[in-house]
Amino acid sequence: MEPTNKQAGYVFNIQQFSVHDGPGIRTIVFLKGCPLRCRWCSNPESQESKPELAYNPNKCIGIAACGRCLKACPHNALLPGEDDKPVVARAACQKCFSCVQVCPATALHIFGQVMTVDDILAVVERDNIFFSRSGGGLTVSGGEPLLQADFVLELLAQARRRRLNTTIETSGYAAWPILEKACRCLNTLIYDIKCLDANKHQEQTKQSNAVILENFIKVTAAFPNLPILVRTPVIPGFNDSEEDIKAIMNFICGKPNVRYELLPYHRLGQPKYEYVGKEYHLDTVTLPKEQFERLNTVKNAFYNP
Ligand SMILES: C[S@@+](CC[C@H](N)C(=O)[O-])C[C@H]1O[C@@H](n2cnc3c(N)ncnc32)[C@H](O)[C@@H]1O
Ligand code: SF4
Ligand code: SF4
Ligand code: SF4
């Protein structure tokens with residue numbers, strides 16, 4: 001029997017039966033917190049490190065029929081809106097989550113639950129049979145999974161002890177000793193390189209790409225046998241030119257065990273911006289399918305490790 005592990009962290013979602021984020025069938029554990037603020041981020045509910053209040057008015061059954069949250073809020077942060085639905089006064093909200101407890105419609109929700117390593121692995125191991133048949137396992141994502149460093153390192157170490165196949169999806173924005181320790185517990189590394197242009201990177205993600213690029217060089221040198229999948233989300237107006245993609249391919253080519261993949265920009269995360277009280281700034285941009293396919297053709301011709 002494994003020793004119990006009560007180390008805890010903030011998790012905002014666990015998704016079973018994923019086939020896109022690592023080999024085989026996988027369970028993805030999404031950790032809270034990210035140092036970047038990518039304008040296109042499909043997981044805006046991941047970015048703050050601490051639990052946050054989400055409110056989906058479409059699920060609300062109306063103040064006249066219910067109204068419980070307005071009475072439950074001790075800080076007057078829920079106010080009657082024009083359409084018989086509450087509005088959240090974010091500046092007044094103290095994140096006590098009393099409103100979530102009384103909402104019968106799950107219109108109010110907390111993104112960020114405390115879970116221990118044992119709690120998480122108990123969920124993950126429910127699918128062991130699918131993992132062994134498909135070569136799948138655990139993928140830790142986020143947010144930036146390496147931000148809750150002690151927690152993720154313990155989670156990965158315990159997962160490996162239980163013979164689970166392990167992967168993380170990282171932005172690469174982490175202190176090298178943390179990434180290095182994580183890599184010792186991984187079967188595969190999924191590593192985003194979003195843009196080589198330092199100014200554009202800083203402007204669109206609010207962080208420098210220097211540490212991300214340095215870490216990539218270090219990881220490929222220190223772990224030449226670790227399979228690495230580099231991914232680039234293709235974002236209109238940011239990195240959607242041949243020059244952008246070729247610059248990334250020039251940077252990664254020649255490194256051992258590295259595959260490269262482009263991800264088409266999507267807007268699936270847009271509704272969640274409203275739920276957590278954030279503004280979405282890319283609602284007028286689109287990535288035409290032909291343009292993505294053109295870039296993919298360039299990628300396939302150029303990058304063929
Ligand atoms: C949400 S991130 C979490 C992991 C880590 N923070 C990162 O950025 O790699 C997981 C993947 O989704 C991609 N992604 C995020 N928003 C996207 C969007 N709107 N369209 C396409 N891919 C997106 C990221 O580039 C990354 O490859
Ligand atoms: S989390 Fe607390 S303070 Fe914020 S709206 Fe809900 S009850 Fe009010
Ligand atoms: S408790 Fe939920 S369903 Fe009831 S009014 Fe508030 S948000 Fe709407
Ligand atoms: S690094 Fe990943 S999680 Fe963080 S803001 Fe960018 S896409 Fe979102």
Side-chain angles (χ1 to χ4, degrees), residues 12-13 21 28 30-81 83-112 140-148 168-174 190-195 201-202 204-209 211-212 231-235 238-239 263 265-266 268-270 272-273 275-278 280-282:
F12 70 91
N13 192 14
D21 302 281
I28 314 182
F30 293 91
L31 302 189
K32 278 289 268 171
C34 186
L36 279 69
R37 289 291 178 271
C38 307
R39 284 160 60 86
W40 54 88
C41 179
S42 57
N43 288 347
E45 76 280 31
S46 73
Q47 292 173 351
E48 306 304 326
S49 293
K50 291 284 155 62
E52 57 192 309
L53 178 68
Y55 168 51
N56 178 353
N58 298 324
K59 286 188 167 185
C60 172
I61 57 176
I63 297 171
C66 170
R68 293 186 197 176
C69 56
L70 277 74
K71 292 182 199 122
C73 178
H75 302 286
N76 285 329
L78 286 161
L79 307 170
D83 52 358
D84 189 41
K85 299 204 173 165
V87 289
V88 184
R90 293 273 167 189
C93 175
Q94 302 294 311
K95 298 182 179 161
C96 67
F97 304 121
S98 308
C99 55
V100 177
Q101 312 307 328
V102 299
C103 178
T106 64
L108 290 153
H109 172 78
I110 307 171
F111 278 122
V140 190
S141 182
E144 171 45 57
L146 298 175
L147 194 63
Q148 298 185 57
I168 61 169
E169 291 183 329
T170 179
S171 66
Y173 195 93
I190 302 179
Y191 198 100
D192 250 35
I193 298 185
K194 303 183 203 300
C195 187
H201 197 281
Q202 178 73 45
Q204 300 284 323
T205 73
K206 301 288 179 244
Q207 293 292 358
S208 157
N209 62 2
V211 69
I212 296 168
R231 296 196 306 198
T232 301
V234 178
I235 311 298
F238 169 56
N239 62 0
L263 302 173
Y265 167 67
H266 65 77
L268 299 174
Q270 185 173 354
K272 294 186 284 185
Y273 279 75
Y275 303 164
V276 295
K278 289 186 171 162
Y280 190 69
H281 295 284
L282 297 189

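We're numbering straight along the sequence, starting at 1. When a ligand or atom number is given, it counts from 1 through the structure's own listing order.
A heavy-atom distance below 4.5 Å is found between the side chains of Q47 and K278.
Remark: minimum distance from atom 3 (S) of ligand 2 to any protein heavy atom is reached at Q94 N, 3.3 Å. Taking atom 8 (Fe) of ligand 4 as the reference point, the nearest protein heavy-atom neighbour is C41 SG, 2.3 Å. Distance from atom 6 (Fe) of ligand 3 to its nearest protein heavy atom, with residue and atom name: C69 SG, 2.3 Å. Closest to atom 1 (S) of ligand 2 among all protein heavy atoms lies F97 N, 3.2 Å. Taking atom 4 (Fe) of ligand 4 as the reference point, the nearest protein heavy-atom neighbour is C34 SG, 2.3 Å. C103 SG, 2.4 Å is the protein heavy atom nearest to atom 2 (Fe) of ligand 3. Remark: minimum distance from atom 5 (S) of ligand 3 to any protein heavy atom is reached at G67 N, 3.4 Å.
Taking a cut-off of under 4.0 Å to the non-hydrogen atoms of Q47, the atoms of ligand 4 that pass are 5 (S). When each atom of ligand 4 is checked for a heavy atom of G143 under 4.0 Å away, the hits are 3 (S). The contact set between ligand 3 and L108, taken as ligand atoms under 4.0 Å from a residue heavy atom, comprises 7 (S). If you number the atoms of ligand 4 from 1 as listed, the ones under 4.0 Å from a heavy atom of L36 come out as 1 (S), 5 (S). In the vicinity of H75, heavy-atom distances shorter than 4.0 Å reach the ligand 2 atoms 3 (S). Less than 4.0 angstrom separates some heavy atom of L78 from each of these atoms of ligand 2: 5 (S).
Looking only at distances, a side-chain donor or acceptor of Y55 sits under 3.5 Å from a matching main-chain atom of P86. Checking side-chain atoms of E144 against main-chain N and O of L146 turns up a donor-acceptor pair under 3.5 Å. Judged purely by atom type and a 3.5 angstrom limit, N43 uses its side chain to pair as donor or acceptor with the backbone of G142. With hydrogens and angles ignored, the 3.5 Å screen pairs no side-chain donor or acceptor of Y280 with any backbone N or O of K272.
At most 12 heavy atoms of other shown residues, nucleotides or ligands fall within 6.0 angstrom of atom CZ in R68.
Taking backbone and side chain together, C73 holds an N, O or S atom under 2.8 Å from atom 8 (Fe) of ligand 2. When distances to atom 4 (Fe) of ligand 3 are checked against a cut-off of 2.8 Å, C60 contributes no N, O or S atom below that limit.
In this pair, F111 and F12 present their aromatic rings perpendicular. The plane angle is above 60°, beyond the 30 to 60° band.
Distance check, rounded to the nearest 0.5 Å: SG of C69 to CG of L78 gives 5.0 Å.
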Walk me through whether K194 and Q204 qualify under side-chain hydrogen bond (donor to acceptor under 3.5 Å, both in side chains). CA-CA 10 Å; K194 303 183 203 300; Q204 300 284 323; over 6 Å; no
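By the 4.0 Å heavy-atom criterion, E144 is excluded from the residues contacting ligand 4.
Considering E48, E52, E45 in turn, E52 is the only one that fulfils the side chain to side chain donor-acceptor pair (under 3.5 Å) rule with K32.
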